[in-house]
Structure formats: structure tokens, C-alpha cells
Amino acid sequence: MEPKIRAVNPHLFEQLIAQREESFSKSLLRLIDEKGMTDPQVYKRANLDRKLFSKIRIQKDYRPSKTTALALAIALELNLDELKVLIGRAGYALTHASKLDIIVEYFLSQGIYDLFQINEVLFAFDQPLLGGRSF
């Protein structure tokens with residue numbers, strides 16, 4: 001006996017897609033405004049180059065790497081809940097199965113937003129560094 005295939009109303013998907021959440025890029029730009037920061041302040045604090053930040057700004061559905069998304073959240077000095085929402089917009093989550101995530105979560109819980117200090121610990125534990133430029 002073959003499984004029954006139900007007809008799906010294409011308008012249903014149009015309605016569902018119309019209700020999707022704000023994109024990573026849109027969320028990031030809104031947060032920059034809310035924090036009263038400028039784009040250069042954020043991308044420099046995140047250790048990203050202007051070219052990459054411009055790509056994020058221009059491409060509405062741009063999906064950054066997890067380390068880039070984390071670097072931007074740290075540059076904005078987001079609290080842990082805000083960080084989870086922002087990186088979630090890029091399709092990521094924090095997990096205690098990841099050394100990188102545990103280290104980042106520790107620094108945020110301590111109110112430490114120094115990307116270079118965080119990267120020193122990540123480097124010591126052989127984890128990917130946050131931000132895109134070389135030190």
C-alpha cells in the first residue's frame with residue numbers, strides 16, 4: 001500500500017514565509033542603531049574588514065560564519081539572551097558540547113567583551129578565533 005500524498009496549498013507557504021523573522025543583517029543593523037554605534041565602530045571592534053561588513057549590509061539574506069556572528073555580537077556588547085537571538089537569525093546556537101561556545105558564554109556572563117582577550121583563550125584551547133582579520 002503506497003502512502004497517500006496530500007495536496008498542499010501553495011498559498012499556505014506564502015503566508016508562512018511572509019511571517020518569517022527579521023534576517024541576521026536587518027537585526028544587526030537595528031542593534032547597531034539601538035546601541036548608538038556606527039558601522040565602523042562595530043566592524044573594527046569585531047575585528048572584521050570593511051569589505052565583509054559591507055557584504056553583510058548589502059546582502060539582506062547574508063549568512064555569516066558562526067565566528068563572525070559571535071564577533072559582531074561581542075562588538076555590540078550584547079547580553080547572552082540578545083546574543084542567542086542574533087546568532088539564531090544566522091542559523092546558529094550556543095551549546096555546551098562546544099569549547100568555543102563555553103568560552104564565549106563564560107566571557108559574556110562575566111561582562112567581558114574584549115575580543116582579543118577572548119581570542120587568547122580560544123587560541124589556548126585550539127579553537128577558531130572570532131573576527132576575520134589577522135592579528
Side-chain angles (χ1 to χ4, degrees):
M1 185 165 156
E2 290 187 34
K4 291 183 181 181
I5 300 176
R6 297 187 324 180
V8 179
N9 181 349
H11 297 293
L12 171 67
F13 291 105
E14 290 171 6
Q15 292 170 350
L16 291 172
I17 291 170
Q19 296 173 16
R20 69 184 176 156
E21 296 176 337
E22 188 176 57
S23 69
F24 175 85
S25 178
K26 193 169 184 176
S27 294
L28 174 66
L29 298 175
R30 178 182 48 76
L31 287 165
I32 291 170
D33 290 342
E34 286 176 5
K35 299 283 184 177
M37 298 176 79
T38 65
D39 291 357
Q41 284 175 314
V42 173
Y43 68 71
K44 287 176 182 176
R45 287 190 71 198
N47 197 37
L48 301 174
D49 63 21
R50 184 177 53 84
K51 206 169 162 179
L52 174 59
F53 190 85
S54 180
K55 185 186 276 190
I56 294 169
R57 177 177 264 297
I58 292 167
Q59 294 179 11
K60 294 179 182 178
D61 288 326
Y62 182 80
R63 185 171 178 225
S65 67
K66 184 174 183 178
T67 55
T68 296
L70 288 169
L72 287 163
I74 290 165
L76 287 164
E77 297 189 3
L78 300 182
N79 66 38
L80 196 54
D81 290 334
E82 292 169 323
L83 175 137
K84 288 177 180 179
V85 170
L86 181 63
I87 69 169
R89 302 273 192 237
Y92 303 113
L94 292 182
T95 172
H96 285 184
S98 162
K99 291 178 194 176
L100 180 138
D101 294 356
I102 292 168
I103 292 165
V104 168
E105 188 173 333
Y106 169 80
F107 278 99
L108 264 63
S109 70
Q110 299 301 307
I112 300 169
Y113 295 94
D114 181 338
L115 193 67
F116 295 101
Q117 190 176 358
I118 296 168
N119 276 338
E120 283 181 2
V121 175
L122 290 171
F123 182 80
F125 284 90
D126 199 28
Q127 295 300 298
L129 303 182
L130 305 182
R133 295 188 309 193
S134 301
F135 288 93

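Keep in mind that the numbers below use all heavy atoms, side chains included, and drop hydrogens, waters and symmetry copies.
Between Tyr43 and Ile32, the closest side-chain pair of non-hydrogen atoms is not below 4.5 Å. Taking the side chain as every heavy atom from C-beta outward, Leu72 and Leu31 never approach each other to under 4.5 Å.
Of all non-hydrogen atoms in Ala75 and Met37, the two that sit nearest each other are O-CE, 3.7 Å. Considering all non-hydrogen atoms of both residues, Leu86 and Ser27 come closest at CD1-CB, 3.8 Å.
The NZ atom of Lys35 lies 13.0 Å from the CD atom of Gln41; values are rounded to the nearest 0.5 Å. For the atom pair Leu83 CG and Leu76 CG, the distance stands at 10.0 Å (nearest 0.5 Å). Put simply, OH on Tyr106 and CD1 on Ile118 are 11.0 Å apart, with the number rounded to the nearest 0.5 Å. Between atom CG of residue Asp101 and atom CD of residue Gln127 there is a gap of 9.0 Å, rounded to the nearest 0.5 Å. The distance from atom CG of Leu29 to atom NZ of Lys60, rounded to the nearest 0.5 Å, is 11.0 Å. Taking CZ of Phe116 as the start and CG of Leu122 as the end, the distance is 13.0 Å to the nearest 0.5 Å.
The hydrophobic cluster containing Leu129 also contains Phe125, counting ILVMFWY residues as joined when their side-chain heavy atoms lie under 4.5 angstrom apart, directly or transitively. Taking hydrophobic clusters as Ile, Leu, Val, Met, Phe, Trp and Tyr residues chained together by side-chain heavy-atom distances below 4.5 Å, Tyr92 does not share a cluster with Ile102.
Within a 6.0 Å sphere centred on CZ of Arg30, other residues, nucleotides and ligands contribute more than 12 heavy atoms.
Defined by atom type and a distance below 3.5 Å, a donor-acceptor pair is present between the side-chain atoms of Thr67 and Ser65.
Relative to the ring axis of Tyr62, Arg57 does not place its NZ or CZ within 45° and under 6.0 Å from the centre.
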- Query: Stepwise, does the side chain to side chain contact (heavy atoms under 4.5 Å, CB included) test hold for Val104 with Leu130?
  - Reply: CA-CA 10 Å; Val104 168; Leu130 305 182; 4.1 Å; yes

- Does the side chain to side chain contact (heavy atoms under 4.5 Å, CB included) test come out yes or no for Leu108 and Tyr113, once each step is laid out? CA-CA 7 Å; Leu108 264 63; Tyr113 295 94; 4.0 Å; yes

- side chain to side chain contact (heavy atoms under 4.5 Å, CB included) between Leu94 and Leu80: does it pass, once the steps are laid out? CA-CA 10 Å; Leu94 292 182; Leu80 196 54; 3.7 Å; yes

- Test side chain to side chain contact (heavy atoms under 4.5 Å, CB included) applied to His96 and Glu105, step by step: CA-CA 9 Å; His96 285 184; Glu105 188 173 333; 3.1 Å; yes

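Between Asp126 and Lys99 there is no salt bridge, since none of the side-chain N atoms of the basic residue sits less than 4.0 Å from a carboxylate O of the acidic one.
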